[in-house]
Amino acid sequence: MLELFLDKYNYWIVVVLMMIGLYIVIARGNLVKKIVGLNVFQTSVFMFYISLGKAEGGTAPILTGKPELFSNPLPHVLILTAIVVGIATTALGLALVVRIRESYDTIEEDELEGMDNAVVTTERARLGTGDAA
Amino acid sequence: MMAVDHLPVLQVVGPLIAAPICSLLRARNLAWFFTLLVSIGAFLCSIYLLNTVLETGPISYAIGGWAAPLGIEYRVDASNGFVLLIISGISSVVLPFAKRSFELEVPENQHSLLYTAYILCLTGLLGITATADAFNVFVFLEVSSLSTYVLVAAGAKQDRRALTAAYNYLILGTIGATFFVIGVGLLYMATGTLNMADLAARVGPIGGSRTLDVGFAFIVIGLALKLALFPLHNWLPNAYTYAPSAVTAFLAATATKAAVYLLLRFCFTIFGSGSGFLAPMVGLVCMPLALAGMFAGSLAAIYQYNLKRMLAYSSVAQIGYMVLGISFLSITGLMATTLHLFNHALMKGALFMALGCVFFRVRSVNINDLSGIARQMPWTMAAFVISGLSLIGVPLTVGFISKWYLISAALEQEAWVLIALILASSLLAVIYIWRVIEVAYLKDPIPGRTVTEAPLSMLLPTWALVIANIYFGVDASLTTRVARMAAEGLVGMAQ
């Protein structure tokens with residue numbers, strides 16, 4: 001049991017980080033904290049890609065003749081792209097949070113939902129479609 | 001090589017380069033015209049490509065001259081050629097409509113940036129469809145998604161709920177894309193390749209591998225979030241309701257379609273010959289969810305007072321039909337899905353544009369505000385009714401063709417219960433379309449309100465899609481030929 005953990009400890013770290021990240025996204029009501037959770041979640045995937053390309057004792061295959069054992073550089077390159085995508089997502093997400101804060105004056109999910117639901121209730125009342133679910 | 005040989009990549013790279021140029025064009029009419037040119041250029045490209053594919057077979061393009069599987073390959077065959085045509089075609093029809101609509105719904109200083117986001121979204125969707133590299137798919141998926149969040153948030157001038165809708169879409173969309181990229185990583189771990197044809201060739205011999213199965217499951221769930229398969233559709237109703245009208249028309253007709261195409265690609269081209277995991281995955285997971293979506297979407301649609309939201313829920317139901325077609329695992333089922341991709345783009349595009357026309361004049365799409373509107377806006381409402389009939393699946397419209405093939409696929413497998421369920425969910429569509437007809441045609445106009453017909457620049461694109469709804473419903477020979485080729489190509493590559 002312990003060996004299962006120690007041999008593949010990199011994947012266990014990935015799984016734990018992934019679950020922590022996803023849990024924050026689901027459980028936290030603060031919009032900024034949700035974005036932080038999303039970042040943790042994405043970072044776990046970066047670590048997953050990077051560790052799967054690593055060969056133990058391997059070198060980097062750059063201009064060093066023909067190494068016997070080398071790490072696969074492709075996943076590392078791929079994850080550079082994914083990191084850039086992650087930054088763009090975070091930036092856009094935070095920009096949206098700023099706009100939300102400007103128009104609603106709060107970034108707590110429950111309060112936002114409450115305000116939106118109040119609008120729906122008044123719209124329904126005006127339209128006389130109270131039966132609508 | 002001639003310039004024509006580069007078209008598979010030019011179609012994607014063209015808009016990609018055009019986007020930053022568009023952001024520099026500060027005059028909004030110029031930005032609009034530039035976007036229209038880019039979109040029409042992509043449309044002409046896709047017509048040429050599909051035509052070439054139909055005559056001479058799939059086109060393969062190696063980026064930078066690096067041959068696949070090492071380099072990134074762009075590959076156009078009947079199935080993605082058809083989706084390219086849908087995406088660029090709908091974009092070109094929506095843009096003339098978008099001009100007046102954006103002028104009303106979006107602050108003036110945001111226009112050129114909004115058109116930039118529009119071009120980027122188009123780039124992403126075309127890229128997802130054209131590429132044959134699994135990781136390239138993820139990059140374009142994020143290009144299209146990030147620009148979509150911006151487009152949705154642009155509705156904030158009309159209703160601030162557009163901001164929360166865009167935020168929720170961002171969270172769920174990112175989770176979906178990340179699940180997808182985890183799946184791609186697991187595939188790479190097991191096979192050591194990212195090229196789709198190469199993946200397909202290596203997945204088969206590996207057979208039953210836990211890594212592959214888990215990777216496939218991650219990919220399907222990630223895509224299910226992106227295509228809004230019930231119950232992962234939560235982001236969709238708000239995003240479609242509060243986005244500007246033209247954005248909703250464009251997204252409803254194209255964005256989920258690209259994700260459905262990806263699902264087809266991964267299920268059949270890559271995993272078709274795989275571990276035997278496809279059948280239980282699709283049969284036990286996708287089919288029940290598709291059926292649940294068909295009913296939950298339609299039932300929710302009946303109870304909406306905001307008509308944009310009503311159509312958004314109806315989209316969830318229509319996605320159910322597409323996934324149901326996939327879950328038959330037969331040529332006819334795949335044809336039904338491919339046809340419905342095209343047909344649903346025509347009908348939902350037309351319906352959302354008709355609502356856009358209504359909003360342009362009435363400044364509301366709540367059902368009670370539309371009382372007697374058909375007398376004041378007869379052409380708009382006629383467009384709504386015809387495309388609504390198409391949504392229900394009345395003969396002589398494209399909706400009928402979709403339902404016909406879907407029911408044929410069920411008949412082949414003698415799945416009588418499914419046929420009954422398909423017909424029953426179509427009846428639900430009758431109810432929510434009839435609600436609108438009843439209010440718009442049979443009630444008296446609201447006293448004191450003088451609204452006139454929508455401007456021609458909005459009405460003509462709407463009617464272009466309505467006429468396409470009827471044309472391809474009467475003469476479906478072209479679309480069924482392409483759909484058959486696409487279905488056979490998807491299954492054939494797997495063998």
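Throughout, a chain's letter reflects where its sequence line sits, starting with A, and its residues are numbered from 1.
Atoms CD1 and CZ, on B:Ile221 and B:Phe179 in that order, are 6.0 Å from each other to the nearest 0.5 Å. If you take CZ on B:Phe138 and CG on B:Asp133, they are separated by 12.5 Å, rounding to the nearest 0.5 Å. A distance of 14.0 Å separates CZ of A:Arg101 from CG of A:Leu94, quoted to the nearest 0.5 Å.
In this structure, the portions of B:Tyr167 lying under 4.5 Å from any heavy atom of chain A include both its backbone and its side chain. In this structure, the portion of B:Val139 lying under 4.5 Å from any heavy atom of chain A is its side chain and not its backbone. Residue B:Val143: no heavy atom, backbone or side chain, is found under 4.5 Å from chain A. Using a 4.5 Å cut-off between heavy atoms, A:Thr81 contacts chain B through its side chain alone, with no backbone atom that close. Both the backbone and the side chain of A:Ala82 come within contact range of chain B, with heavy atoms under 4.5 Å apart.
Atom NZ of B:Lys157 is surrounded by more than 12 heavy atoms from other residues, nucleotides or ligands within 6.0 Å. The local environment of CZ in B:Arg449 is crowded, with over 12 non-hydrogen atoms from other residues, nucleotides or ligands closer than 6.0 Å. Heavy-atom neighbours of A:Phe70 CZ from other residues, nucleotides or ligands within 6.0 Å: at or below the threshold of 12.
Nearest heavy-atom pair across B:Leu225 and B:Leu172 is CD1-O, 3.7 Å. Closest heavy-atom contact between B:Ala224 and B:Leu232: CB-CD1, 3.7 Å. Closest approach of B:Tyr188 to A:Pro75, counting heavy atoms only: CE2-CG, 3.7 Å. Residues B:Leu125 and B:Ala255 share a closest heavy-atom pair of CD2-CA, 3.9 Å. Taking all atoms of both residues into account, the shortest heavy-atom contact from B:Phe140 to B:Ile128 is CB-N, 3.6 Å. Looking at every heavy atom in both residues, B:Val365 comes nearest to B:Leu355 through CG1-O, 3.8 Å.
Judged by the 6.0 Å and 45° rule, B:Arg160 forms a cation-pi pair with A:Tyr104.
The backbone N or O of B:Leu141 lies less than 3.5 Å from a partner atom in the side chain of B:Ser144, making a donor-acceptor pair. A donor-acceptor pair under 3.5 Å is formed between the side chain of B:Thr164 and the backbone N or O of B:Arg161. Using a distance-only test at 3.5 Å, with no hydrogens or angles considered, a donor-acceptor pair links the side chain of B:Lys308 to the main chain of B:Ala243. Checked by atom type and distance alone, the side chain of B:Tyr149 never pairs as donor or acceptor with a backbone atom of A:Leu96 at under 3.5 Å. A distance-only check finds a donor-acceptor pair linking the side chain of B:Thr241 to the backbone of B:Pro237 [under 3.5 Å].
Chain A forms more heavy-atom pairs under 4.5 Å with one residue of B:Val150, B:Asn168, B:Asp159, B:Leu186 than with any other, namely B:Leu186. Counting heavy-atom pairs closer than 4.5 Å to chain A, the top-ranked of the candidates B:Leu170, B:Asp369, B:Ile302 is B:Leu170. Interface remark: of the candidates A:Ala95, A:Ser44, A:Gly86, A:Gly93, A:Gly93 forms the most heavy-atom pairs closer than 4.5 Å to chain B.
Within residues 16-30 of chain A, the residues having any heavy atom under 4.5 Å from a heavy atom of chain B are, by residue number, A:Met18, A:Leu22, A:Val25. Residue-level contacts of residues 105-121 of chain A with chain B, in order of numbering, are A:Glu109, A:Leu112, A:Met115, A:Asp116, A:Val119, A:Val120; threshold 4.5 Å between heavy atoms. Inspection of non-hydrogen atoms places A:Lys34, A:Ile35, A:Leu38, A:Phe41, A:Gln42 of residues 34-42 of chain A under 4.5 Å from chain B. Annotation: residues 45-54 of chain A contacts chain B through A:Val45, A:Phe48, A:Tyr49, A:Leu52 [non-hydrogen atoms, separation under 4.5 Å].
Side-chain contact annotation: B:Gln304 with B:Tyr313, donor-acceptor N/O pair under 3.5 Å absent. A donor-acceptor pair shorter than 3.5 Å cannot be found between the side chains of B:Tyr169 and B:Thr148.
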